[in-house]
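Notes follow once the structure below has been shown.
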Amino acid sequence: MAISYIHLFILSFVSISRFLEISKAGAESELVADLLTLQSQSESGVIHLDDRTVSKFITSTKTPRPYSLLIFFDAIPLHDKSDLRLPVLVHDFALAASSFIANHNSSNTKLFFCDLEFRESQSSFKLFDVNALPNIYLVGPDAESLKDDTEQMEQSGFTRLTESLVEFIESRTQLTVGPIHHPPIISKKQMVLIIGFLLIWSPFAARKIVAGETMFHNPRIWLSGAIFVYFFSVSGAMHIIIRKMPMFLMDREDPNKLIFFYRGTGIQLGLEGFMVGFLYTIVGLLLAVVTHVLVYVKDLKTKRIGMLFSIFVSFWAVKQVIFLDNWKTGYAIHGFWPSRWN
């Protein structure tokens with residue numbers, strides 16, 4: 001009789017355990033299904049959260065959860081502050097979300113991209129202890145305390161958000177994001193209009209070209225274009241455009257102070273690049289003057305003054321660039337005299 005009671009107790013315990021597991025699995029599946037529904041209703045795939053949904057999907061759900069949430073903290077009233085670049089960051093975050101979903105054929109159930117707006121979710125901002133923007137937090141499956149157990153993305157990553165997000169996600173979640181699908185610069189309608197315009201304009205252009213009356217027959221245009229291309233290449237303008245680097249940053253400690261030179265490798269502000277490009281352009285123009293102008297000057301004294309001036313200014317400009325590189329990277333470039341001069 002005692003053995004029968006023991007068997008009955010064990011069977012009841014196993015049944016209850018299985019029932020609880022099935023109930024938990026059913027609740028988790030329902031939460032994932034709700035997230036997928038919200039994701040499908042968003043054009044970019046970013047799920048808009050508020051205090052109620054934060055409670056539903058995070059604080060009221062027992063760990064471990066079957067998913068992770070990557071949350072972008074936003075504040076619409078601050079979109080007009082250019083130093084924060086919130087509209088650009090919102091766009092880049094949505095681009096990363098849509099690319100991640102597209103690369104996984106909308107079958108991903110492990111990671112969901114979300115956003116929180118300050119006016120709607122002030123309580124959630126306090127739970128995460130978010131006091132400054134922009135900010136991105138990763139809420140992992142085992143995170144219980146939103147203040148201590150979540151992972152915050154470094155502020156330096158916001159200068160190139162899409163690439164930093166890929167690195168951040170893959171290093172923290174072990175998931176593969178895949179390539180970022182950037183929208184085409186020119187839409188199909190715009191392309192059709194451009195082709196139509198070129199077809200209409202081409203006969204008139206051909207006539208001008210044959211007669212030699214176009215701006216491209218002016219050597220000054222080519223000279224100006226060559227200087228522009230030189231400046232464009234040495235200033236890192238392509239890097240600034242592709243990475244969408246800001247011209248300057250606002251100092252967080254002193255809002256009235258602007259940062260034009262950022263100390264650290266891999267980051268170059270817009271005005272910083274243009275300053276270096278300006279110095280290099282001075283060197284290039286002086287070299288052109290020496291090789292194409294001074295050689296035709298007959299007065300020896302004028303030649304010497306021009307050469308000395310070009311050498312002095314070029315040395316000063318290159319020295320400033322090297323000083324900036326030493327300051328940014330911490331690596332010093334030392335000059336050495338030839339051994340025979342010692």
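Counting from 1, the numbers follow the sequence of the chain as shown.
Using a 4.5 Å cut-off on side-chain heavy atoms (C-beta onward), Val46 and Phe72 make no contact. Between Leu175 and His104 there is no side-chain heavy-atom pair separated by less than 4.5 Å. Contact check for Ile136 versus Leu70: side-chain heavy atoms found under the 4.5 Å cut-off.
The neighbour count for Phe128 CZ, taken as heavy atoms of other residues, nucleotides or ligands under 6.0 Å away, is above 12. Counting non-hydrogen atoms of neighbouring residues, nucleotides and ligands closer than 6.0 angstrom, the CZ atom of Phe232 exceeds 12 such neighbours. In the displayed structure, His182 atom NE2 is contacted under 6.0 Å by more than 12 heavy atoms of other residues, nucleotides or ligands.
Residue Leu286 comes nearest to Ser314 through the heavy atom pair CD1-OG, 3.7 Å, listed as atom of the first residue, atom of the second, then distance. The two residues Asp74 and Phe125 have their closest heavy-atom pair at O-CZ, 3.5 Å. A pairwise comparison of heavy atoms in Val290 and Leu294 identifies O-CB, 3.7 Å as the closest pair. Nearest heavy-atom pair across Ala97 and Phe113 is CB-CG, 3.5 Å. For the residue pair Pro179 and Asn103, the shortest heavy atom distance occurs at O-ND2, 2.9 Å. Nearest heavy-atom pair, Leu35 versus Ile47, reported as atom, atom and distance to 0.1 Å: O-CD1, 3.4 Å.
A side-chain donor-acceptor contact under 3.5 Å links Asp50 and Thr53. Remark: the Ser60 side chain and the Ser55 side chain contain an N/O donor-acceptor pair separated by less than 3.5 Å. Between the side chains of Ser124 and Asp51, at least one donor N or O lies within less than 3.5 Å of an accepting N or O.
Of the inter-residue distances, the one linking Leu133 atom CG with Leu89 atom CG reads 10.0 Å to the nearest 0.5 angstrom. Atoms CD and CG, from Gln39 and Asp34 in turn, are 12.5 Å apart once rounded to the nearest 0.5 Å. Atom-to-atom distance recorded for Arg85:CZ and Asp92:CG is 7.0 Å, nearest 0.5 angstrom. Residue Lys126 holds its NZ atom at 13.0 Å from NZ of Lys147, rounded to the nearest 0.5 Å. Going from atom CG of Asp149 over to atom OH of Tyr137 covers 12.0 Å, rounded to the nearest 0.5 Å.
Of the possible donor and acceptor atoms, one in the side chain of Thr61 sits under 3.5 Å from a partner among the backbone N and O of Lys56. The main-chain N or O of Pro134 is found under 3.5 Å from a side-chain atom of Gln155 such that the two form a donor-acceptor pair. Between the side chain of Glu170 and the main chain of Val177, a donor-acceptor pair closer than 3.5 Å is present. Using a distance-only test at 3.5 Å, with no hydrogens or angles considered, a donor-acceptor pair links the side chain of Ser164 to the main chain of Gly157. Counting only distance, with no hydrogens or angles, the side chain of Ser40 and the backbone of Thr37 share a donor-acceptor pair below 3.5 Å.
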